[in-house]
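The structure appears below as structure tokens.
Each ligand, and each atom within it, is numbered from 1 in the order the structure gives. What you are looking at is a predicted structure, and each value in this text was computed from that prediction instead of being measured.
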Amino acid sequence: MNLVLFGPPGAGKGTQAKILQEEWRLPQLSTGDMLRAAIAAGTELGKKSKAIMDRGDLVPDDVVVGIIGERLDKPDCAKGAVFDGFPRTIPQAEALDKMLSSRSDRIDAVIELKVDDDAMVGRMENRVKENPASARPDDNPVTLKNRLGVYHKNTAPLLDFYRRQGKLRVVDGMAPIPQVAAAIRGILTGLAAGKGR
Ligand code: ADP
């Protein structure tokens, strides 16, 4: 089962991806986490990405497509994965379709966590307040505003791309975490039943 979690920064993709990883044993493939790991490790890729990420802009498509391609070859992805923060552009989505179909696989569903932009600033501020040690350099109001702008300009068009493929499912991302998780669980249970037939 391959799932894409979709939504603006702060929508709760990472939180839900971790729950899915626990419940369905599907690895969470977060390009944001992978890029931050590359920065922490001081690799060439990390050095190239840091300034872009600190501004809240998008890292080039070929870079993220490359890291996802390598990751998909690891054995834990054999039964599928949860994509978190990828794809973020139409070329990334097309590349993902290609990578999966070359592995005789496909995306089963794209789950949009629907939220209000205005609430995302508050969520970020809370996240920073509750856990200042893990605050990211791009978690500040100016950069978040840019990240939201980039989301609407480059990433939101993917909703139509997946709607046309009949894969888009929408969940209320403003609901409490367990309720969002339950809604996603319902979708996956339906998909798993369909696959078993
Ligand atoms: P959020 O969803 O809160 O914006 P992420 O951890 O997913 O956070 O991403 C952080 C940053 O990493 C993005 O602002 C961008 O610079 C970079 N990034 C992550 N994923 C991608 C991607 N698929 N394409 C391009 N850049 C990406």
Side chains of residues 111-119: which donor-acceptor pairs under 3.5 Å do they make with residues two or more places apart or in other chains?
unit_1: Asp117; atom_1: OD1; unit_2: His152; atom_2: NE2; d: 3.2
unit_1: Asp117; atom_1: OD2; unit_2: His152; atom_2: NE2; d: 2.9

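- At a heavy-atom cutoff of 4.0 Å, ligand 1 is surrounded by Pro9, Lys13, Thr31, Gly32, Leu35, Arg36, Met53, Asp57, Leu58, Val59, Val64, Gly85, Phe86, Arg88, Gln92, Arg136, Asp138, Arg147.
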Determine all donor-acceptor pairs shorter than 3.5 Å in which one atom belongs to a side chain in residues 2-13; sequence neighbours excluded.
unit_1: Asn2; atom_1: OD1; unit_2: Ala81; atom_2: N; d: 3.1
unit_1: Asn2; atom_1: ND2; unit_2: Asp105; atom_2: OD1; d: 3.2
unit_1: Asn2; atom_1: ND2; unit_2: Asp105; atom_2: OD2; d: 3.1
unit_1: Asn2; atom_1: ND2; unit_2: Arg106; atom_2: O; d: 3.1
unit_1: Lys13; atom_1: NZ; unit_2: Gly7; atom_2: O; d: 2.9
unit_1: Lys13; atom_1: NZ; unit_2: Pro8; atom_2: O; d: 3.3

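- A salt bridge is defined here as a Lys NZ or Arg NE, NH1 or NH2 lying under 4.0 Å from an Asp or Glu carboxylate O, and Asp139 with Arg123 fails to meet this definition.
- In terms of the side chain to side chain contact (heavy atoms under 4.5 Å, CB included) criterion, residue partners of Lys74 (sequence neighbours excluded) are, by chain and number, Arg71, Asp76.
- No more than 12 heavy atoms of other residues, nucleotides or ligands sit less than 6.0 Å from atom CD of Glu22.
- Under the 4.5 Å side-chain heavy-atom criterion for ILVMFWY residues, a single connected hydrophobic cluster contains both Phe83 and Val64.
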